[in-house]
Amino acid sequence: MMPAKEARSRKGLAESFIGRDIVSMRDLSTEQVLFILDLAEEYEEMNEPLLKGRILANLFFEPSTRTRLSFQAAMGRLGGSCIGFADASNSSVSKGESLADTIRVVENYCDIIVIRHKFEGAARLAADYSARPVLNAGDGTNQHPTQTLLDLFTIRKIHGRIDDLRVAFLGDLRYGRTVHSLIETLARFECQFVLVSPPQLRLPSEILDDLAALGVRCREEFDPSILPRDVDILYTTRIQKERFPDPIDYERVKNAFKLDREALSIYDKTVTVMHPLPRVNEISTDLDDYEGAAYFKQAKNGITVRKTLLSILLGAAQ
Ligand code: NCD
């Protein structure tokens, strides 16, 4: 039996999520982030019908495999159901309906909304219009908080902690939203960063300025073919083709780097190789059975973390 004080704080923390939106990692205190990770440990094998009769609306205005299907699977595992669309061209948006109107209608059909959109700020707008909780499943180049939580969950499972780690971010640091939300969260946990990208894809200056203001140790390297040696984790990303205003600029950087067994032979220890997926050609399939390969584990952990989030936002957590 848990001591009364601990039990109260757990109850209090669980209640702090009820009806909330998660649009950005900045919506969550460090205490709340850790609470989600702890609860997710308990939810990994838990498939009770906590969300029986509840409905999730998946509004995907951009392509998705993992995020949309794992929300759907998480809801199903907990006894709830899903409505929504995976392609906005099938929705009334193609007739000219505004996002605000779509949200005002859909909130009547569901208990919680998950939205992915190509515009930064779209999820915040949806949250402003919706009386139901809104979860941001990626808004343009801005944020992808549920991916960050599953990334943190994966890191903690492998390394036993999320603090004091040396993390290299590789690839498209300019447009990759998974990097933007993860780096600012890991910065709260005294991690150090190496940022490896072609110069045109470096981390946006606003984020670099925020990291500098926090006194976070951060080094930039502009030759992606040279891997930094002093790291625990290589967080690799896809070059975000769809975000480039000029396709010629994409052509210049599309093959900027590739991780394979040979590239990792410089390490005399196992490094954790992460990627939010989908990969194109950044990670060779010859790494798939490498001990540190964590990308399919991340995808698997997505269900656990999303079961946890849906339960706490809907006030059904046990
Ligand atoms: C990412 C995304 O949509 O930002 N995918 C995902 O959710 N796992 C990464 C990407 O598309 O490259």
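As the structure lists them, so they are numbered: ligands from 1, and atoms in each ligand from 1. All heavy atoms count here, side chains included; hydrogens, waters and symmetry mates do not.
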Enumerated ligand 1 atoms positioned under 4.0 Å from heavy atoms of H144: 2 (C), 4 (O), 6 (C), 7 (O)
Would you please classify the geometry between the F61 ring and the F85 ring as parallel, tilted or perpendicular, with 30° and 60° separating the classes? perpendicular
Please state which protein non-hydrogen atom is closest to atom 3 (O) of ligand 1 and give its distance, to 0.1 Å? R177 NH2, 2.9 Å
Which residue, T236, N281, V196, forms the side chain to side chain contact (heavy atoms under 4.5 Å, CB included) with F257? T236
Distance under 6.0 Å and angle within 45° of the ring axis: does R116 meet both against F60? no
Using a 4.0 Å heavy-atom cut-off, say whether T178 meets ligand 1 through its side chain, its backbone, both or neither. side chain
Taking CZ in R161 as the centre, count heavy atoms belonging to other residues, nucleotides or ligands within less than 6.0 Å. Is the count above 12? yes
Would you check if the side chain of N301 reaches a backbone N or O of K297 as a donor-acceptor pair within less than 3.5 Å? yes
Subset of ligand 1 atoms that lie under 4.0 Å from at least one heavy atom of T67: 6 (C), 7 (O)
With a cutoff of 4.0 Å, is R116 in contact with ligand 1, counting heavy atoms of the residue only? yes
Could you tell me the residue and atom name of the protein heavy atom closest to atom 6 (C) of ligand 1, and the distance to it rounded to 0.1 Å? L277 O, 3.5 Å
Checking a contact table here: which protein heavy atom is nearest atom 11 (O) of ligand 1, and how many Å away? R238 NH2, 2.9 Å
Would you please test H275 and E282 for side-chain contact (heavy atoms from CB on, under 4.5 Å) and show each step? CA-CA 9 Å; H275 192 304; E282 315 79 54; 2.6 Å; yes
Please round to the nearest 0.5 Å and tell me the distance separating atom CE of M75 and atom SG of C82. 6.0 Å
The answer for which part of E62 has a heavy atom under 4.0 Å from ligand 1 is neither
Should you measure from each heavy atom of Q240, which atoms of ligand 1 turn up under 4.0 Å away? 10 (C), 12 (O)
Using distance alone, decide if ligand 1 has a nitrogen or oxygen within less than 3.5 Å of any nitrogen or oxygen in P276. yes
